[in-house]
Amino acid sequence: MSTTPGPAPMPELFTWEFASDPYPAYAWLREHAPVHRTTLPSGVEAWLVTRYADARQALADQRLSKNPAHHDESPHAKGKTGIPGERKAELMTHLLNIDPPDHTRLRRLVSKAFTPRRVAEFTPRVQELTDRLIDSFVERGSADLIHEFAFPLPIYAICDLLGVPAEDQDDFRDWAGMMVRHGGGPRGGVARSVKKMRGYLAELIHRKREDPGDDLISGLIKASDHGEHLTENEAAAMAFILLFAGFETTVNLIGNGVYQLLRHPGQRERLQASLAAGETGLLETGVEELLRYDGPVEMATWRYATRALTIGGQEIPAGDPVLVVLAAADRDPERFDGPDTLDLARRDNQHLGYGHGIHYCLGAPLARLEGQTAIATLLTRLPDLRLAADPAELRWRGGLIMRGLRTLPVEFSPSVPVLATEDPSGM
């Protein structure tokens with residue numbers, strides 16, 4: 001009898017254990033079933049693409065549409081793809097759900113308002129928001145870095161960019177909080193929050209048309225009024241997706257990033273020494289490595305086969321949903337040396353954390369700015385920052401696309417605020 005062990009059995013997907021550490025399961029899929037059809041927790045059947053080369057191909061493949069109209073969905077699956085509540089709120093016409101030529105037109109309009117210059121000019125504001133949030137808990141010696149820091153920072157930042165008045169930003173924080181609970185709130189809460197946000201944005205667009213400012217929504221309106229065409233629904237949907245995509249990814253980038261630095265003290269100390277020396281190089285490569293190692297987006301947003309095609313040797317029927325697993329692709333040993341090792345100095349790091357192709361994340365420069373500012377300021381102002389919980393006790397938010405912690409309790413030596421204390425939403 002042979003004593004050669006057979007292949008390990010396929011791990012179970014989408015359990016609490018899987019959510020805590022999906023990487024061993026993704027390693028199994030990369031090796032044994034790199035393009036794998038599975039039934040998702042919602043009941044929808046979809047293909048998971050896990051190898052880097054296949055993932056990069058799929059992200060740029062125009063035969064994979066972003067438009068849910070191409071989904072050959074069964075009655076029980078209807079409405080279970082995409083962002084919860086967006087269909088009922090008429091918020092479907094945004095960059096994540098459309099293909100060329102409409103995608104080309106809308107992205108060009110947003111690009112005019114979302115320029116690198118605007119992001120660069122926003123740097124002092126992000127630093128001020130970061131310091132004020134740290135000031136709110138620095139004297140206490142403890143905090144939940146998700147709820148008190150990683151969550152509010154990008155909310156207030158994207159609200160400022162969009163032109164949401166300071167007095168309304170706490171409403172946005174409440175709506176956004178409901179949206180990221182992924183079923184953890186009251187029944188129907190997500191759809192209600194999306195509907196409220198949609199109504200508010202429509203009203204804000206009307207006000208900005210009459211009294212424009214130097215903000216993103218005014219920029220969208222100005223672009224549409226100068227020869228381009230942007231309907232009110234498109235403007236509201238665009239503002240909605242910039243808010244939605246512009247905050248949850250950054251919440252998870254900061255939360256996951258700080259968590260991994262606390263789990264890897266040697267790398268964290270190396271970064272702190274670099275920051276103390278006034279260097280920025282390790283911070284820049286480090287944030288990219290944190291995006292690769294345990295990024296905020298586990299799977300790219302939904303794609304649908306417009307016709308039969310082959311990915312990684314696997315035939316995909318027309319109408320089937322395809323989910324590119326960025327978290328698996330970015331740990332592929334065929335592409336990255338030592339993929340399961342966190343190396344903040346990694347140079348060859350063409351990760352897919354911000355996507356690839358025409359749907360590459362438009363807000364990547366802002367996310368990088370917020371991630372670098374948040375992590376550098378935390379490590380500088382709270383040098384003895386440490387976890388205040390057993391990692392095994394931490395819980396990850398449910399959901400398919402995003403990967404992020406529910407809480408991140410930390411402790412540190414209390415210190416003095418650097419700015420006058422006031423509510424960040426009123427800054």
Side-chain angles (χ1 to χ4, degrees), residues 116 118-162 164 166 169-170 172-173 176-177 180 216 243 246-262 268 271-272 274-276 278-280 282-284 286-288 290-291 296 344 363-386 404-405 407-427:
R118 186 185 295 272
V119 172
E121 290 174 348
F122 202 52
T123 301
R125 179 59 173 157
V126 172
Q127 184 64 63
E128 182 185 13
L129 284 167
T130 300
D131 278 319
R132 288 202 186 280
L133 288 167
I134 294 175
D135 281 355
S136 70
F137 55 73
V138 71
E139 294 177 290
R140 201 168 68 227
S142 65
D144 175 1
L145 283 187
I146 300 299
H147 292 283
E148 297 182 74
F149 184 70
F151 181 79
L153 174 58
I155 282 287
Y156 293 135
I158 198 67
C159 279
D160 277 358
L161 272 179
L162 286 171
V164 176
Q169 292 186 9
D170 279 338
F172 265 75
R173 180 175 177 172
V180 302
L216 209 54
L243 176 76
F247 87 88
E248 190 173 7
T249 51
T250 309
V251 173
N252 296 344
L253 166 58
I254 296 169
N256 298 4
V258 172
Y259 173 66
Q260 292 301 341
L261 288 173
L262 296 180
R268 171 257 192 91
L271 178 55
Q272 284 179 305
S274 173
L275 293 170
E279 300 167 353
T280 60
L282 191 62
L283 175 65
E284 292 167 2
V287 167
E288 299 307 304
L290 292 168
L291 280 160
L344 299 184
L366 177 61
R368 286 189 170 104
L369 168 63
E370 292 174 338
Q372 291 176 14
T373 303
I375 289 171
T377 308
L378 278 173
L379 294 183
T380 301
R381 291 191 58 186
L382 311 175
D384 62 347
L385 188 70
R386 57 195 178 274
L405 287 161
T407 61
L408 183 56
V410 295
E411 295 174 338
F412 45 85
S413 296
S415 58
V416 178
V418 299
L419 300 173
T421 302
E422 59 179 273
D423 189 329
S425 63
M427 290 185 279

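If you're wondering where the values come from, they're calculated on a predicted model, not measured in any experiment. Residue numbers run from 1 in the order of the sequence given.
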Exercise. Is the shortest distance from a Lys or Arg side-chain nitrogen in R368 or E288 to a carboxylate oxygen in the other one below 4.0 Å?
Worked result: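 Yes, R368 and E288 are salt-bridged.
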
For this session: Answer yes or no: is there an ion pair linking R140 with E148, defined by an N-O contact shorter than 4.0 Å?
Result: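 Here R140 pairs with E148 in a salt bridge, since their nearest N and O are under 4.0 Å apart.
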
Atom of [X], atom of [Y] and distance for their closest heavy-atom approach:
X: E139; Y: S415; result: CG-O, 3.3 Å
X: G141; Y: P414; result: CA-CG, 3.9 Å
X: L378; Y: V258; result: CD1-CG2, 3.8 Å
X: R173; Y: H147; result: NH2-O, 3.1 Å
X: A376; Y: L283; result: CB-CD2, 3.9 Å

Separation between [atom1] of [X] and [atom2] of [Y], rounded to the nearest 0.5 Å:
X: D160; Y: F122; atom1: CG; atom2: CZ; value: 4.5 Å
X: T380; Y: L275; atom1: OG1; atom2: CG; value: 5.0 Å
X: E128; Y: T123; atom1: CD; atom2: OG1; value: 13.0 Å
X: L290; Y: N252; atom1: CG; atom2: CG; value: 13.0 Å
X: C159; Y: Q169; atom1: SG; atom2: CD; value: 4.5 Å

Exercise. Picking from L382, V418, D131, L133, what satisfies side chain to side chain contact (heavy atoms under 4.5 Å, CB included) with V138?
Worked result: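 Between V138 and the candidates, side chain to side chain contact (heavy atoms under 4.5 Å, CB included) is satisfied uniquely by L382.
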
For this session: Determine the sole option in T407, L385, I134 for which the side chain to side chain contact (heavy atoms under 4.5 Å, CB included) test with L145 is passed.
Result: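 By the side chain to side chain contact (heavy atoms under 4.5 Å, CB included) criterion, L145 pairs with just one of T407, L385, I134: L385.
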
Will you find, in the side chains of [X] and [Y], an N or O donor that is under 3.5 Å from an N or O acceptor?
X: S413; Y: D384; result: yes
X: R268; Y: Q272; result: yes
X: Q127; Y: T373; result: no
X: E279; Y: S274; result: yes

For this session: Could you walk me through whether F151 and F247 pass side-chain contact (heavy atoms from CB on, under 4.5 Å), step by step?
Result: CA-CA 8 Å; F151 181 79; F247 87 88; 3.7 Å; yes

Indicate yes or no: at least one non-hydrogen side-chain atom of [X] is less than 4.5 angstrom from one of [Y].
X: R381; Y: F412; result: no
X: E370; Y: L253; result: no
X: D170; Y: Y156; result: yes
X: I375; Y: L271; result: yes
X: V251; Y: P296; result: no
X: L291; Y: N256; result: no
X: V164; Y: I158; result: no
X: L153; Y: T250; result: no

Problem set entry | Verdict with reasoning, V410 to L262, per side-chain contact (heavy atoms from CB on, under 4.5 Å) | CA-CA 10 Å; V410 295; L262 296 180; 4.0 Å; yes

Exercise. Parallel under 30°, tilted from 30 to 60°, perpendicular over 60°: which one fits the rings of F137 and F149?
Worked result: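 Rings of F137 and F149: perpendicular, as their planes differ by over 60°.
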
